[in-house]
Protein chains: 4
Amino acid sequence: MSPKTPEQNARIRAESRQRIMAAAMHLFARDGYERTSIAGIAREAGVAKGLLYNYFSSKEDLLRTLILEAFSGGDEQIANLVAADPRSTLRNLLKWFFDEMRQRPEHWRLITEITLRVDKYAFVHELAKAKMEEYVQVLSRLFAQLNYTDPLNEARLFVGILDGIGVEALVLKDDYPLAAMEKFLLKKYCDENK
Amino acid sequence: MSPKTPEQNARIRAESRQRIMAAAMHLFARDGYERTSIAGIAREAGVAKGLLYNYFSSKEDLLRTLILEAFSGGDEQIANLVAADPRSTLRNLLKWFFDEMRQRPEHWRLITEITLRVDKYAFVHELAKAKMEEYVQVLSRLFAQLNYTDPLNEARLFVGILDGIGVEALVLKDDYPLAAMEKFLLKKYCDENK
Amino acid sequence: MSPKTPEQNARIRAESRQRIMAAAMHLFARDGYERTSIAGIAREAGVAKGLLYNYFSSKEDLLRTLILEAFSGGDEQIANLVAADPRSTLRNLLKWFFDEMRQRPEHWRLITEITLRVDKYAFVHELAKAKMEEYVQVLSRLFAQLNYTDPLNEARLFVGILDGIGVEALVLKDDYPLAAMEKFLLKKYCDENK
Amino acid sequence: MSPKTPEQNARIRAESRQRIMAAAMHLFARDGYERTSIAGIAREAGVAKGLLYNYFSSKEDLLRTLILEAFSGGDEQIANLVAADPRSTLRNLLKWFFDEMRQRPEHWRLITEITLRVDKYAFVHELAKAKMEEYVQVLSRLFAQLNYTDPLNEARLFVGILDGIGVEALVLKDDYPLAAMEKFLLKKYCDENK
DNA sequence: TATGAATGAGTATTCATTCAT
DNA sequence: AATGAATGAATACTCATTCAT
């Protein structure tokens with residue numbers, strides 16, 4: 001008789017929104033942004049096409065939302081990896097990275113693909129640049145503490161290594177020796193006896 | 001009006017084909033595969049849309065042809081980089097890589113983008129895997145000659161580094177310090193005094 | 001919480017209904033029937049979309065209601081314009097018409113637009129025809145009293161003039177010399193010395 | 001074997017374009033611009049939806065083309081109505097107008113509807129204003145030659161009359177006494193004995 | 001009485017592909 | 001070998017309407 005309470009509506013909205021975002025993330029990651037249709041996302045989410053536009057103003061707005069959330073979600077997690085000594089921090093970071101590659105490869109595939117299509121989605125350029133610089137700065141300090149002679153470029157190299165391994169693991173999938181590389185890098189960067 | 005000789009026809013065919021491929025490569029690289037239209041390729045090539053289907057059975061077939069050629073073209077060039085001593089070979093390789101990133105970034109953007117869309121274009125998976133293994137083997141031998149303790153993984157790391165720097169340079173464009181990284185890597189891998 | 005009395009309910013109903021109608025009239029007039037959305041009307045009226053369907057069975061029903069009311073509303077006003085002598089009645093009529101064009105141009109734009117879309121909204125045809133004949137009859141009597149030789153066609157002409165000036169004023173807006181035409185027609189039809 | 005000659009193509013294109021324009025004119029006029037779908041136009045024209053976009057960049061572009069053509073077509077015809085003496089010119093004009101209303105009512109319905117929806121299609125405002133002023137000027141000269149005391153406003157009135165009768169004839173259709181009004185106006189404006 | 005989340009048919013537009021010439 | 005007019009399935013997006021609360 002009486003309309004739904006604001007709380008009920010908020011919950012319903014949050015749920016629908018979440019389902020749509022999860023479906024979109026899955027499909028964007030699996031098939032790429034361009035190859036994913038709104039109809040497909042709606043079907044995957046189990047809602048009608050039109051509902052999507054109650055929550056996102058366009059397909060690109062949905063993408064933007066996912067990207068922003070992915071980037072900011074990453075930030076929090078990385079903040080948790082910082083340890084007392086630099087070598088442990090590096091170790092945590094490497095372990096986190098390889099775990100992610102094993103557990104959410106599709107998620108990272110999307111991030112990588114979108115990041116490469118920079119021209120079309122200009123906001124990504126700024127975002128990626130800011131993140132990159134942030135990571136390089138943090139790593140640079142770590143390498144300085146470890147007395148590397150050129151910590152800035154070591155930091156850039158380290159980021160590049162992770163990026164490169166990421167791309168290769170995404171392409172070669174089970175054929176890429178993730179475990180071996182993890183061990184190798186842990187030894188190279190975190191071995192106390194070195 | 002007069003019937004053409006078989007030789008003339010062959011030449012004409014080769015030329016048209018080449019123009020179409022050049023136009024397609026340019027546009028695929030600049031705008032991405034999905035965002036490039038057959039009409040656009042035909043316009044860029046200065047031919048009619050229909051002609052395209054005399055040479056390629058579909059848009060994807062055209063893509064496939066370009067990818068195959070790009071990969072095999074790379075092979076030849078890399079073969080030329082091999083020098084007498086391993087350190088010079090590494091130096092040539094690094095210099096070639098950084099030159100390519102400076103001169104044909106869009107070309108490599110396409111290769112990278114397509115390579116990431118592995119599921120859709122399954123043939124790429126095999127191709128990429130074969131190339132990767134080939135490169136790793138060659139590099140592995142180089143690192144063995146240079147007495148690295150784990151030459152196989154060093155080779156994988158090296159390939160990963162180039163991949164990663166490539167991705168970052170493509171994303172950050174002029175904001176990425178290509179020159180600094182080139183110098184840094186040349187010192188790290190090719191400095192005789194080390 | 002406490003159950004409302006029937007009187008309260010009736011008042012609430014009347015108010016909601018009125019707000020919806022006012023909002024719809026405003027938007028239909030400003031943007032046209034097709035370009036106005038139910039969502040927009042609800043927003044303008046400050047009610048939920050669903051409520052609209054408690055009072056009107058469809059968008060078209062809402063339109064119909066507005067049209068009927070506009071026509072019958074006009075009747076009342078026009079009845080008040082009748083004066084003792086025919087020339088004064090004509091003068092009142094002209095003044096009322098030009099005042100309306102100045103004060104509620106959008107209202108008349110809607111009436112005109114809808115009236116033209118006769119096929120789609122068949123009920124308008126009958127309505128318009130009935131009104132037209134009624135006006136022509138009244139005017140015809142006026143012109144007969146003023147000893148015009150062909151009062152029936154003079155009446156039709158007079159109605160046509162008002163319609164025509166209405167359309168032109170709606171199209172040309174501030175570029176149409178409403179004041180000059182008002183003066184001109186008053187002189188033509190109501191000048192005692194003529 | 002050989003491709004179509006440019007002449008063949010030009011003819012084919014002109015024909016298709018014409019069929020699409022005729023279909024669009026018909027449907028826009030009958031159902032209104034908003035209620036007419038591209039699919040409907042294509043069906044009426046007997047072509048595929050896509051073909052429409054080979055000739056017009058959008059639905060609005062198609063409308064614009066039709067409007068411009070309708071306005072410029074009118075110009076030519078009206079130029080032919082000018083006669084040696086002003087009374088004959090007026091007679092030609094009135095006859096032309098009533099003939100048009102009898103023969104192409106739907107055409108004029110479209111012009112009127114679009115002209116009223118000025119806000120959305122700003123280019124119409126300018127067009128209509130220019131035409132109106134042009135007609136008023138020509139008529140003003142005619143009325144001056146006929147020694148009317150206020151030729152400018154007489155001209156405006158005359159244009160208004162035609163507009164008004166047009167609107168009413170469009171709405172009332174066969175119920176509007178077009179013939180009677182024609183005779184009445186011819187007598188009023190063109191009777192030599194008056 | 002009133003709400004607003006949800007639906008799905010409908011819209012304009014794009015584009016790979018075909019085919020008569 | 002080459003053309004480009006034509007096709008129609010697919011796409012993102014809109015919006016009147018329903019209905020559980």
task: Write down the partner of dA1(F) under the Watson-Crick or G-U wobble criteria, each distance required to be under 3.5 Å.
output: none
- prompt: Considering all heavy atoms of both residues, which atom of A24(A) and which atom of L66(A) are nearest to each other, and what is their separation?
  reply: CB-CD1, 3.8 Å
query: Roughly, in whole Å, what's the span from CD1 in I20(D) to P in dA5(F)?
result: 12 Å
task: Specify the separation, in whole Å, of atom CD of E15(A) and atom C1' of dA6(E).
output: 14 Å
- prompt: How long is the line joining CG of L52(B) and C1' of dG4(F), in whole Å?
  reply: 13 Å
statement: So CG of N54(A) and CZ of R17(A): to nearest 0.5 Å the spacing works out to 11.5 Å
- request: Write down the distance between CZ (F56(C)) and P (dT1(E)), rounded to a whole number of angstrom.
  value: 13 Å
Closest nucleotide among dT3(F), dT7(E), dT1(E) to the I12(C) side chain: dT1(E)
field: Whole-Å gap separating P (dT1(E)) and CZ (R19(C))
entry: 16 Å
query: Counting any heavy atom closer than 4.0 Å, what does Y55(D) reach on the DNA or RNA strands: base, sugar-phosphate only, or nothing?
result: sugar-phosphate
statement: Nearest-nucleotide check on DNA chain F, A48(B) vs A48(D); residue mapping nearer the 5' end is A48(B)
- prompt: Do we get K59(B) above F28(B)'s six-membered ring, with its NZ or CZ under 6.0 Å from the centre and within 45° of the axis?
  reply: no
message: A side-chain contact here means heavy atoms from C-beta on lying under 4.5 Å apart; do H26(A) and E106(A) qualify?
response: no
- prompt: Are R11(C) and Q8(C) side-chain neighbours, meaning at least one heavy-atom pair lies under 4.5 Å?
  reply: yes
field: side-chain N/O S16(C) vs dT1(E) OP1/OP2, d < 4.0 Å
entry: no
- line: Heavy-atom contacts, protein to nucleotides 10-15 of chain F, under 4.0 Å, summarised as B (base), S (sugar-phosphate only) or - (none) per nt, yield B-SBBB
field: Atom-pair distance (CZ on R11(A); C1' on dG4(E)), nearest Å
entry: 15 Å
message: More than 12 heavy atoms of other residues, nucleotides or ligands under 6.0 Å from CZ of R104(C): yes or no?
response: yes
task: Could you walk me through whether M21(C) and E69(C) pass side-chain contact (heavy atoms from CB on, under 4.5 Å), step by step?
output: CA-CA 10 Å; M21(C) 286 178 67; E69(C) 191 165 272; 3.4 Å; yes
task: May I have the distance from I41(C) (atom CD1) to dT17(F) (atom P), rounded to whole angstrom?
output: 10 Å
query: Are OP1 or OP2 of dT1(E) and a side-chain N or O of R13(C) less than 4.0 angstrom apart?
result: yes
statement: From CD of Q8(C) across to C1' of dA2(E) the rounded distance in Å is 16 Å
message: Counting only Watson-Crick pairs (N1-N3 plus N6-O4 or O6-N4) and G-U wobbles (N1-O2, O6-N3), all under 3.5 Å, who is the partner of dA12(F)?
response: dT11(E)
